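A quick note: this is a predicted structure, and the numbers were derived from the prediction, not measured.
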Amino acid sequence: MGAMPDGGPNTALLDDGIEPVPGLPATAVDESVREAEERNWTPAKIALWVAIALLGGVAWFMLAIVRGETVNAIWFVFASVCTYLIGYRFYSKVIERYITKPNDRRATPAEYKADGKDYVRTDRNVLFGHHFAAIAGAGPLVGPIIAAQMGYLPGTLWLIVGVVLAGAVQDYLVMFFSMRRGGRSLGQMAREELGVIGGTAALVATLLIMVIIVAILALVVVNALAESPWGVFSVGMTIPIALFMGVYLRYLRPGKVMEVSIIGFVLLMAAIIGGGAVAGTEWGAAFFHLDKVTIAWALIAYGFIAAILPVWLLLAPRDYLSTFMKIGVIVMLALAVIVVRPEVTVPAFSEFASRDNGPVLSGALFPFLFVTIACGALSGFHALISSGTTPKLIEKERQTRFIGYGGMLMESFVAIMALVAAISIDRGLYFAMNAPAALTGGTVETAAAWVNSLGLSGVNLSPSLLSETAANVGEQSIISRTGGAPTLAVGLAHIMQQFIGGTALMGFWYHFAIMFEALFILTAVDAGTRVARFMLQDSIGNFVPKFKEHSWRPGAWLATAVMVAAWGAVLLMGVTDPLGGINTLFPLFGIANQLLAAIALSVVLAIVAKRGSFKYLWIVALPLAFAAVVTITASFQKIFSPVPAVGYFANNAGFAKALADGKTSFGTAKTQAAMEAVVRNTAIQGWLSVIFVVLSIIVIITALIATVKAFRNASAGVVNMQFEDPALPSRIFAPAGLIPTAAERELEAQWKKLPADQRLEHSARH
């Protein structure tokens, strides 16, 4: 099956212009063989995909059409998984065939720029884990839970359909084009493809937005770990475990990925179980009981160290290790949902879907649902990771579909499971947990009375349910535990205790979930810091070329220090000012993140147009148009809305007037100092929103101009791919996806027959 015509690819010049390396087996499966495998539709394969399509269709029918009093949670699992499988197998293949057109005979930057620090060839499964861990931060856990206020269907549709047509498309294409350009950052690609004006706007926007994103991710970690000895110990232990895995895989047992995976998983489970035991001791409770400021400084130091260490030593193995935890917990939750089959009482569209004054989320369904679900369907932060660490580690070009498109589908599934966990608990309990204390009153009696006053259909919350739930999860109170994370923990505990352990284990499952969320988000902080360092180096490199050499240590250390200082300062502001933390940063996080996605898709649009792929340009134009309309509309409403609950400046004016009138309390602010903080914070929010949306509009317009120019050039027979690195022949082979095909296994066997010293010699010649 793997035989090549005319003596194989190493006997003559290939039609791609890449001279094969003498003395080596083929570095890629022949295209005719690959296409024959893909077109080999056996009856069993046809039956399988028909079954997947039918199951997915039934699930969507139950979610979107059937209107009973309840809906079974298993349909969320089936609808999402079936849609993901079809999207990956068919839609991403269209993108691969007609837009990216990968060539595995061509060396990737990890091969021809290998430096042992930032450019390191990484096994595709390890890299999938690193990439997934890096992109999966607070967004897929928090956003869907907050958006559940509007009902289950809007969020479900956006998470599943949006990721197939928008989020996964962006991640895949940005990763591929960055890899073709030596692993350049998104901002640098924008400068090259869009010119000085559009490129400069993109550079400034990405740097500013990155600071906000990393700060909010770090702040969520701080809030989750503060005064939690169990969480601090368990999350802290992942660092030495990852260091051990990195050394083990590079020096002790190179290539033994499965072996080190099992060892790492066992050590991780030991750290989690041991965290509970250590926290139960007197010395452990005292030593690991840290306040928010201490944890914030520890995170700042960790972010700096993680960004400058070789990627193989800490970042890649730590993220791979975290992926066991992340995917393992989500798969376990999905299995529990299938077995327990919890009934969801939340309506498809809630009473707040048509209003803009919800107690959890202010603003109408359009556009605020789409910016609140900040990561599960489309995320600009992912574009920074996809043009940051990951493209510098990829072994073969075809792996970008598995890692980029597939990794984003996995994150969407995380978001769906978070949504299911949130809507599986009592609906009244959901609002009592996610509404601010100014509304709930802070006690079980006042919270129950307030929830019941909302007039929600079928909701009759009792104070005893609030007290009983808090006792079951081992907390003094669960009222007004805003931010989404505690709600996810309660929902996960509610489902898992029916699966394993009963009510007696609810406390364990709750604190396990809190620790899981902290670990989940922390991996995005360290990867985000490293990406921020690359972005700043590329930006400075436009004026001081030496900075573009990522292996140049003085430049790397300086850029890391500047970016860590920037997000660290914002983090400390959030930690020390209770009204200037989450309240200031999180509203900015959603809109800024989606504006960044629009910027990324704009850059991709220009690149695809310059490559001459106009027939399939709609694949990029469709999500770009939607993201642009949503984010610009949301930004304008946050800037110009006269409703204080929605508009930054309207809120600012209301509090400023109250201060001028001599009031000592106003709205949710109970002191004059708190009122002054609100005035300051809303001004910061408003003006940053103005800057972000103006820069984004500039980038979008310049991308459209570049696209039109590319169309005119194509009409004259000119295709522009000048910013891609020169094509060099690859000296290695690796399969493209999770499971090697028959032809890939045959080629792998040929490479294994090659003496190890000969493989290393050929590889080292690059």
Side-chain angles (χ1 to χ4, degrees), residues 117-118 134 137-138 185-188 200 203-223 225-226 239 290-311 314-315 380-381 384-385 388-389 521-544 546-577 580-582 584-586 588-589 592-593 596 680-681 684-685 687-688 691-692 695:
K117 298 180 179 66
D118 298 316
S185 66
L186 177 65
Q188 187 60 30
T200 302
L203 280 171
V204 174
T206 52
L207 285 171
L208 288 176
I209 292 173
M210 191 60 168
V211 169
I212 297 296
I213 289 175
V214 177
I216 190 67
L217 292 173
L219 186 54
V220 175
V221 174
V222 169
N223 289 340
L225 294 182
I239 298 174
L290 305 178
D291 59 34
K292 290 184 177 182
V293 175
T294 302
I295 295 177
W297 278 109
L299 271 183
I300 291 170
Y302 169 77
F304 179 82
I305 294 171
I308 62 174
L309 285 178
V311 70
L314 176 60
L315 192 62
F381 176 70
L384 302 183
I385 301 297
T389 55
I521 299 166
L522 182 59
T523 54
V525 174
D526 51 24
T529 302
R530 195 179 194 91
V531 171
R533 168 202 137 194
F534 291 144
M535 290 165 55
L536 185 59
Q537 281 188 266
D538 283 346
S539 300
I540 298 176
N542 290 309
F543 308 99
V544 184
K546 186 70 174 176
F547 272 86
K548 287 190 176 183
E549 299 177 16
H550 292 154
S551 59
W552 183 47
R553 293 297 96 187
W557 284 51
L558 178 61
T560 302
V562 170
M563 295 308 293
V564 169
W567 69 253
V570 178
L571 170 64
L572 289 171
M573 178 196 77
V575 168
T576 56
D577 183 356
I582 289 290
T584 297
L585 299 179
F586 196 79
L588 277 177
F589 174 81
N593 188 48
L596 188 54
R680 179 177 63 252
N681 296 336
I684 294 173
Q685 289 172 309
W687 285 111
L688 280 177
I691 294 171
F692 290 161
L695 292 174

- Message: Tell me the closest heavy-atom pair linking Leu384 and Val531, and the distance in Å.
- Response: O-CG1, 3.1 Å

- List the steps and the verdict of side chain to side chain contact (heavy atoms under 4.5 Å, CB included) for Asn593 and Ile209. CA-CA 7 Å; Asn593 188 48; Ile209 292 173; 5.8 Å; no

- Looking at Ile308 and Ala556, what are the two nearest heavy atoms and their distance? CG2-O, 4.5 Å

- Message: I'd like to know if the side chain of Arg533 and the backbone of Met563 have a donor-acceptor N/O pair within less than 3.5 Å.
- Response: no

- Task: Report the distance from atom CZ of Phe589 to atom CZ of Phe381, rounding to the nearest 0.5 Å.
- Result: 8.0 Å

- Query: Within the distance-only criterion (no hydrogens, no angle test), does the side chain of Thr294 pair as donor or acceptor with the backbone N or O of Leu290 below 3.5 angstrom?
  - Reply: no

- Note on the structure: Rounding to 0.5 Å, atoms CG (Leu203) and CG (Leu536) come to a distance of 10.0 Å

- Message: What's the separation between atom CD1 in Ile300 and atom CD1 in Ile305, rounded to the nearest 0.5 Å?
- Response: 12.0 Å

- Message: If you compare all heavy atoms of Ser539 against all heavy atoms of Leu207, which two are closest, and at what distance to 0.1 Å?
- Response: OG-CD1, 3.8 Å

- If we only count heavy atoms from C-beta on, is the Phe692 to Leu596 side-chain gap below 4.5 Å? no

- Could you pull out the closest heavy-atom pair between Ala215 and Trp567, with the gap in Å? CB-O, 3.8 Å

- Query: What's the shortest heavy-atom distance between Ala296 and Leu572, and which atoms?
  - Reply: CB-CD2, 3.9 Å

- Within a reach of under 6.0 Å around CH2 of Trp297, are more than 12 heavy atoms found that belong to other residues, nucleotides or ligands? no

- Pairwise distance CZ(Phe304) to OG1(Thr560) - rounded to 0.5 angstrom: 6.0 Å

- Message: So which atom in Gln537 and which in Phe547 form the shortest heavy-atom distance, rounded to 0.1 Å?
- Response: NE2-O, 3.2 Å

- Query: Would Leu571 and Val214 count as a side chain to side chain contact (heavy atoms under 4.5 Å, CB included) if you check the C-alpha gap in whole Å, the side-chain angles of each, and the deciding distance to 0.1 Å?
  - Reply: CA-CA 9 Å; Leu571 170 64; Val214 177; over 6 Å; no

- Task: Calculate, to the nearest 0.5 Å, the distance between atoms CG and CZ belonging to Asp118 and Arg530 respectively.
- Result: 4.5 Å

- Note on the structure: Between the CD1 atom in Ile691 and the CG atom in Leu208, the distance rounded to the nearest 0.5 Å is 7.0 Å

